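One structure is given below, encoded as structure tokens.
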Amino acid sequence: MRRPYPFHEIEPRWQQHWAAHETFRVANPGEPGFDASRPKFYVLDMFPYPSGAGLHVGHPEGYTATDITTRYKRMNGFNVLHPMGWDAFGLPAEQHAIKTGEHPRFNTQRNVDNFRRQLQALGFAYDWSREVNTTAPDYVRWTQWIFLQLYHSYFDETTKTARPIRELEERGLSREEIDAQRLAFVAEAPVNWSPSLGTVLANEEVDEWREKGETVERRPLKQWMLRITKFAERLLADLEPLDWPESIKISQRNWIGRSEGAQVRFALAEGEGSIEVFTTRPDTLFGATYMVLAPEHPLVERITTSAQREAVAAYRAACALKSDLDRTDLAKDKTGVATGAFAVNPVNGARIPVWIADYVLMGYGTGAIMAVPGHDERDLAFAEKFELPIVQVVQPAKEGVEWRGFVDDGTAIHSGFLDGLPTPEAKRRIIAWLEEKGVGQGRVTYKLRDWLFSRQRYWGEPFPIVWDQTTGRHEAIPESELPLLAPELDDYKPTGDPRGPLVKATDWIRYSETLQRETNTMPQWAGSCWYYLRYCDPRNEQRFVSAEAEKYWMGGRSEAPVRGGVDLYVGGTEHAVLHLLYARFWHKVLFDLGHVSTAEPFQRLVNQGLILGENGQKMSKSLGNVVNPDDVVRDYGADSLRLFEMFMGPLTDSKPWSTAGVQGVHRFLARVWRLVMDEQATEGTWEISPALQDVAPSPAVLKALHAAIKKVTADIEAMAFNTAISALMVASNELGRAEVRPLSAVRTLLVLLSPFAPHLTDELWDALARKFGGPTGLCCEQPWPKHDESLLVEDEVEIVVQIAGKMRDKLTVKKDLPAAEIEALVLALPKIAEALAGKAPKKVIVVPGRLVNVVP
RNA sequence: GCCGAGGUGGCGAAAUCGGAAGACGCGCCAGACUUAGGAUCUGGUUCCGCAAGGAGUAAGGGUUCAAGUCCCUUCCUCGGCACCA
């Protein structure tokens with residue numbers, strides 16, 4: 001097969017060379033070869049889940065962008081940490097194990113090997129000696145160790161930091177009091193239990209199995225939770241200074257969902273007790289005409305009257321069967337049942353009915369609301385359906401606006417002492433009143449919930465926890481027993497026990513006479529919460545990362561007002577919230593406990609866009625528009641794939657694949673090849689072109705070259721790789737036009753192209769060195785060139801001449817010609833004289849070096 | 001519904017500060033070389049028009065000497081969230 005250039009030979013050769021010479025290995029402080037004089041730069045990719053399907057062309061997009069940045073920074077004299085690894089726990093491997101009976105680690109290993117092969121075929125400058133795998137025992141060990149840090153910590157409300165549990169013990173708190181404060185704690189929480197499958201499902205699996213006809217219900221189980229809610233305020237505040245896309249910051253803010261309002265206590269009309277509600281609109285308290293409890297609210301049992309008992313029980317049972325999705329999706333139509341109980345509105349003594357309805361969520365606020373149907377859309381819909389009273393307590397500012405369902409700020413009305421107050425003022429007044437009367441207080445609530453950290457799965461990190469069968473208490477196992485690995489099983493099929501597949505391993509569970517192991521495992525998020533730290537010191541057997549390595553790679557740099565951490569983190573928007581929030585949470589705990597040196601893990605975040613199929617639709621097997629990188633590498637080479645993915649458009653945009661586009665950049669690379677090489681009579685035999693000579697470049701070539709240096713440098717800094725490539729094309733076209741191609745200019749072009757097309761440029765660099773001698777080392781190890789601004793200045797500039805804003809003529813003048821002289825020259829032009837017809841112009845705008853606009 | 005991103009040639013896209021719209025690439029057209037070309041090279045290519053010229057950055061309006069860029073209104077596409085009191 002005839003190829004425009006022999007990429008199929010040179011690419012594997014250079015990949016082997018880089019691997020054999022450990023070209024991209026970077027030393028830690030204290031290790032041989034470490035150069036302390038260089039600044040550090042940490043470039044991180046979101047590591048992949050190694051699926052059986054292999055790499056997708058979407059993966060190399062972000063990876064190529066970080067690779068270019070890595071290589072560019074290296075050439076600029078940085079110590080660059082650029083690692084890769086595997087987020088290898090996950091459901092597909094477990095499902096494979098269930099089907100085949102083979103331990104998931106084998107399937108995982110095969111997939112990892114395939115992913116590594118595919119990534120290495122793309123020539124990425126990873127330091128493979130730092131590869132991590134979240135399922136490896138020496139990694140699991142430290143994930144479990146971090147869990148124990150959480151388990152042995154509490155949140156100190158005065159310092160707002162994580163502190164060791166030991167402090168509580170020293171203060172003499174009881175075991176119960178301590179357990180109630182641990183950052184890792186146990187609570188009853190509903191899981192998606194499928195009786196027909198005999199297994200627990202992840203939220204994202206529920207729909208899929210329902211469609212296949214399986215049943216899924218909510219069932220409360222003892223679950224491990226992480227107290228992320230305590231960190232809500234810090235997670236919110238520390239987001240501010242990060243160099244992240246604004247859209248991601250907004251997503252995180254929304255997820256945390258801070259809202260200010262008041263907690264109000266409504267006494268029950270009959271009997272003892274009261275109902276606490278949270279509201280952001282305490283100013284509408286006079287308009288509360290009924291109350292609603294979440295169906296799961298603990299008070300329901302107690303307050304329901306005997307007449308309503310049956311209806312309430314039936315409603316609660318129906319709600320229990322619904323998944324979260326059903327409750328939100330289908331519930332446009334409000335449902336609910338009266339409990340028969342009544343409460344008293346503290347502001348006006350009104351006796352109002354208490355209902356239960358699933359539009360009130362147990363997990364938010366207090367799980368109970370005061371309903372103000374006049375000024376809340378949901379309450380209004382409910383009140384209309386069940387014919388509950390609706391009263392106005394807010395007057396819209398604008399005339400003629402319907403007050404029913406008016407939810408914006410206005411003026412209080414029919415609200416006693418609040419009447420006439422604007423909403424914000426009314427809120428302040430009523431909160432002061434509630435506090436004074438002791439029936440409520442101002443309060444901040446977050447949408448963020450504590451992190452449900454247990455999974456009833458096999459292929460995840462087991463909890464380093466045992467349960468005392470006599471006391472029912474949990475205990476941490478000693479750190480010396482880590483890693484705690486899951487036992488081998490005969491088969492991985494569901495057991496029908498909602499505690500998960502590990503219950504089958506009876507020997508493993510039995511820890512001692514009285515102690516039994518926890519059978520839950522950690523979620524996939526656990527490993528990805530701290531992998532960026534392990535990369536800093538991946539083979540350390542004493543610590544999860546040494547203090548020195550952590551401080552060096554994650555520490556702040558002096559030249560910028562940075563907060564430290566990873567300098568550049570690139571990945572998809574699908575991790576906008578969960579991964580990035582969980583990792584930030586763990587990082588803060590580790591920071592509080594003194595294990596890491598910065599409060600935030602990722603200083604700068606960039607999201608690459610989606611690569612769509614050639615038809616503009618999302619790539620998917622069912623649409624048959626999936627592009628396999630292996631095929632592209634086979635047909636056009638890795639350099640072409642890399643270059644095309646960067647040339648398609650801006651990194652952060654979604655853009656469609658185009659085979660013709662790959663051919664375009666492939667042709668460009670072939671032209672660069674032929675700038676240097678000449679094909680001989682025998683097909684595929686190449687020698688240095690006779691047109692390439694060691695001569696001084698012409699001024700035109702020099703200028704084109706330095707323009708390219710300037711543009712490519714600025715564009716890589718800005719991650720505008722598409723326009724950087726365009727500049728390289730312009731420069732190479734210019735060079736190709738010359739009869740004689742000067743060696744020095746060609747070499748500079750190769751250096752500029754090297755981060756984008758490393759195989760081609762290392763090959764040509766090497767060929768030139770063999771023929772002409774010159775600089776030693778690989779092309780990718782050359783210093784990055786600097787442009788000479790003096791070569792770019794023009795002594796003459798073209799000025800655009802406009803009449804009334806429309807381009808009419810052009811004029812070439814000396815660069816520094818004063819505005820008055822330019823104006824005189826322009827007014828003397830025949831076209832201008834004609835347009836003015838002897839009259840003086842109304843206005844003349846002169847923008848020196850650019851244009852003159854004459855307004856007649 | 002809410003939030004976010006975006007709408008520029010036949011296509012992917014360029015366009016520091018408001019100052020020549022369409023760089024670069026694909027595709028297409030013509031030519032050269034050639035036994036051949038789906039290789040390579042040269043030239044052309046926003047639209048209408050033979051031309052002079054005119055129009056043109058989703059649509060409409062506004063600010064300005066000058067608007068793809070700033071402001072207002074509307075429409076469309078994509079992504080995320082979705083009873084959070």
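Remember, predicted model here, so these are calculated numbers, not experimental data. Chain identifiers are assigned alphabetically (A, B, ...) following the order of the sequence lines, protein sequences preceding nucleic acid strands; residue numbering begins at 1 within each chain.
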Classified by glycosidic angle (syn within 90° of 0, else anti), B:C26 comes out anti
Margin query: If I pick the C1' atom on B:G49 and the same atom on B:C2, what distance separates them, to the nearest angstrom?
Written below: 49 Å
| message | Does A:Thr723 form a side-chain hydrogen bond (donor to acceptor under 3.5 Å, both in side chains) with A:Asp715? I'd like the steps, not just the answer. | response | CA-CA 7 Å; A:Thr723 49; A:Asp715 284 353; 2.8 Å; yes
query = Within the pair A:Asn722 and B:G25, is there a side-chain N or O less than 4.0 Å away from OP1 or OP2?
reply = no
- Task: Please measure how far the C1' atom in B:U74 lies from the corresponding atom in B:A14, and state the result in whole Å.
- Result: 28 Å
Across every strand shown, the nucleotide meeting Watson-Crick or G-U wobble geometry with B:U8 (both distances under 3.5 Å) is none
### Message
Heavy atoms only, 4.0 Å cut-off, all strands: where does A:Glu377 land among base, sugar-phosphate and nothing?
### Response
nothing
Partner of B:A13 under the Watson-Crick or G-U wobble criteria, both distances under 3.5 Å, comes out as none
*Can you say whether the rings of A:His375 and A:Phe406 are parallel (under 30°), tilted (30 to 60°) or perpendicular (over 60°)?*
perpendicular
For B:A58, the nucleotide meeting Watson-Crick or G-U wobble distances (both under 3.5 Å) is B:U74
Mind telling me whether A:Phe278 and A:Tyr364 have parallel, tilted or perpendicular rings, with 30° and 60° as the class edges?
perpendicular
Exercise for the section: Sticking with atom C1', work out how far B:C70 lies from B:G25, rounded to a whole angstrom. Expected result: 32 Å
Using a 4.0 Å heavy-atom cut-off, does A:Arg737 contact any base of the nucleic acid, only the sugar-phosphate backbone, or nothing at all? nothing
- Do A:Glu798 and B:A20 share a donor-acceptor pair, side chain to base, under 3.5 Å? yes
* If you look at every strand shown and take non-hydrogen atoms under 4.0 Å, does A:Ser658 touch a base, only sugar-phosphate, or nothing? -> nothing
- Query: Do A:Lys655 and B:A13 share a donor-acceptor pair, side chain to base, under 3.5 Å?
  - Reply: no
Pairing partner of B:A66, by Watson-Crick or G-U wobble and under 3.5 Å for both distances, is none
Across every strand shown, the nucleotide meeting Watson-Crick or G-U wobble geometry with B:G49 (both distances under 3.5 Å) is none
Give one of base, sugar-phosphate or nothing for A:Gly664, where a contact means two heavy atoms less than 4.0 Å apart.
-> sugar-phosphate
Under 4.0 Å, counting only non-hydrogen atoms across every strand here, what does A:Asn733 touch: a base, just sugar-phosphate, or nothing? sugar-phosphate
Q: Tell me what A:Pro4 touches on the nucleic acid: a base, only sugar-phosphate, or nothing, going by heavy atoms under 4.0 Å.
A: nothing
In this structure, CZ of A:Arg741 is separated from CG of A:Leu675 (nearest 0.5 Å) by 5.5 Å
Point to revise | Same-atom distance (P) from B:G56 to B:G10, integer angstrom | key: 16 Å
field: A:Glu276/A:Arg443 ion pair, N-O < 4.0 Å
entry: no
* **P spacing across the pair B:A20 / B:C26, given as an integer number of angstrom** => 26 Å
Rounded to the nearest 0.5 angstrom, the CZ-CD1 distance for A:Phe644 and A:Ile725 is 10.0 Å
Less than 4.0 angstrom between a side-chain N/O of A:Ser259 and OP1 or OP2 of B:A85, yes or no?
yes
If pairing means Watson-Crick or G-U wobble with both distances under 3.5 Å, then the partner of B:A85 is none
### Message
Looking at A:Arg808, I'd like to know whether one of its side-chain N or O atoms comes within less than 4.0 Å of OP1 or OP2 on B:A66.
### Response
no
For this session: Taking only the side-chain nitrogens and oxygens of A:Arg674, find out if one of them lies under 4.0 Å from OP1 or OP2 of B:C41.
Result: yes
Under a 3.5 Å limit on both distances, the Watson-Crick or wobble mate of B:A32 is B:U40
(Q) With a 3.5 Å distance limit and no angle check, can you tell me whether A:Thr279 reaches the backbone of A:Ala262 through a side-chain donor-acceptor pair? (A) no
Atom CG of A:Asp333 and atom P of B:G1 are separated, to the nearest Å, by 19 Å
Regarding the side chain of A:Ile369, the nearest nucleotide among B:A85, B:C65, B:A15 is B:A85
- Query: Touch check for A:Val855, heavy atoms < 4.0 angstrom, all strands: base, sugar-phosphate only, or nothing?
  - Reply: sugar-phosphate
Look at all strands and tell whether A:Ser251 reaches a base, only sugar-phosphate, or nothing, counting heavy atoms closer than 4.0 Å. nothing
### Query
Roughly how far apart, to the nearest Å, are B:A52 and B:G38 at atom C1'?
41 Å
*OP1, OP2 of B:G25 versus side-chain N and O of A:Arg667: anything below 4.0 Å?*
no
Assigned chi class of B:G9 under the 90° convention is syn
If you look at every strand shown and take non-hydrogen atoms under 4.0 Å, does A:Leu851 touch a base, only sugar-phosphate, or nothing?
base
Under 3.5 Å, side chain of A:Arg674 to main-chain N/O of A:Pro4, donor-acceptor pair present?
no
* Asked: Quick one: is B:G79 close enough that its OP1 or OP2 comes under 4.0 Å of any side-chain N or O from A:Asn607?
  -> no
Within the structure shown, what part of the strands sits under 4.0 Å from A:Val847 by heavy-atom distance: base, sugar-phosphate, or nothing?
base
From CZ of A:Arg3 across to C1' of B:A39 the rounded distance in Å is 15 Å
Categorize A:Glu574 for me: base, sugar-phosphate, or nothing, with a 4.0 angstrom heavy-atom threshold over every strand shown. nothing
### Task
Under 4.0 Å between any heavy atoms, over every strand shown, what does A:Lys810 touch: base, sugar-phosphate, or nothing? Just pick one.
base
To the nearest angstrom, the CG-C1' distance between A:Leu669 and B:U40 comes to 16 Å
Mate of B:A23 across any strand shown (Watson-Crick or G-U wobble, both atom pairs under 3.5 Å) is none
Practice problem: Rounded to whole angstrom, note down the P distance from B:C24 over to B:C75. | Solution: 39 Å
Nearest-Å distance once atom C1' is located in both B:U77 and B:U63: 29 Å
Cation over ring face, A:Lys334 and A:Phe382, 6.0 Å, 45° | no
